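Structure first, then comments.
Not measured: the values here are computed from a predicted model.
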Amino acid sequence: MTQATESKQRGIQLSQTALRQVKLLQEKQGKDLCLRVGVRQGGCSGMSYTMDFEDPSKIGDHDDIFDYDGFKIVCDRKSLLYLYGLMLDYSDSLIGGGFQFTNPNANATCGCGKSFGV
């Protein structure tokens with residue numbers, strides 16, 4: 001089995017605005033957590049994005065790790081096939097605000113921006 005790899009070349013991109021927001025959310029959790037990003041079947045367009053904080057002890061051999069100045073984003077390799085090159089951004093706009101996913105692998109994207117098709 002291969003060990004989880006920490007990548008200098010980031011397969012998942014994170015804007016400075018999104019980085020500030022996830023660090024703020026992490027601080028509210030009161031723990032040293034990483035951000036797990038992935039995909040699952042479902043959503044309007046066939047696949048939907050998943051994103052949640054996770055204890056670093058749960059990082060497995062099947063995960064890639066992307067470091068942003070000490071903050072880690074984790075993605076399982078199966079999901080990374082669909083997410084490689086993803087740009088995660090954040091907006092605090094009243095309409096359309098929140099995290100936004102810009103996925104170069106998506107052929108179709110739902111109007112809500114939370115699901116996609118390949």
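Rounding to the nearest 0.5 angstrom, the gap separating the OG atom in Ser91 from the CZ atom in Phe99 is 11.0 Å. The structure places SG of Cys75 at 12.0 Å from CD1 of Ile59, a figure rounded to the nearest 0.5 Å. Rounded to the nearest 0.5 angstrom, Tyr49 OH and Leu86 CG are separated by 6.0 Å. From Thr17, atom OG1 reaches atom CG of Leu88 across 10.5 Å, with rounding to the nearest 0.5 Å. A distance of 4.5 Å separates CE of Met51 from CZ of Phe101, quoted to the nearest 0.5 Å. To the nearest 0.5 Å, the span separating CG on Leu83 from CG on Asp76 amounts to 8.5 Å.
Counting only heavy atoms from C-beta outward, the side chains of Gln41 and Met47 approach each other to under 4.5 Å. Between Asp89 and Gln13, every side-chain heavy-atom pair lies at or beyond the 4.5 Å cut-off.
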Are Val22 and Tyr90 close enough, and set up right, to give a side-chain contact (heavy atoms from CB on, under 4.5 Å), and what steps lead you there? CA-CA 9 Å; Val22 293; Tyr90 181 81; over 6 Å; no
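Looking at Tyr68, its side chain does come within 3.5 Å of a backbone N or O of Leu14 through a donor-acceptor pair. Side-chain atoms of Asn105 come within 3.5 Å of backbone N or O of Tyr82 as a donor-acceptor pair.
Across Pro104 and Tyr84, no two heavy atoms sit closer than the pair CG-O, 3.7 Å. In terms of heavy atoms, Arg77 sits closest to Asp61 at NH1-O, 3.0 Å. Pairing each heavy atom of Cys34 with each of Val74, the nearest pair is SG-CG2, 3.6 Å. Summarising the geometry of Lys72 relative to Asp67, their closest heavy-atom pair is NZ-OD2, 2.8 Å, with the distance given to 0.1 Å. Here the shortest heavy-atom pairing between Gly38 and Ser79 reads CA-OG, 3.6 Å.
Asp63 has a carboxylate O that lies under 4.0 Å from a charged side-chain N of Arg36, or vice versa, which qualifies the two as a salt bridge.
Checking Lys23, Gln29, Gln21, Glu27 one by one against Leu25, the side chain to side chain contact (heavy atoms under 4.5 Å, CB included) holds for a single residue, Gln21.
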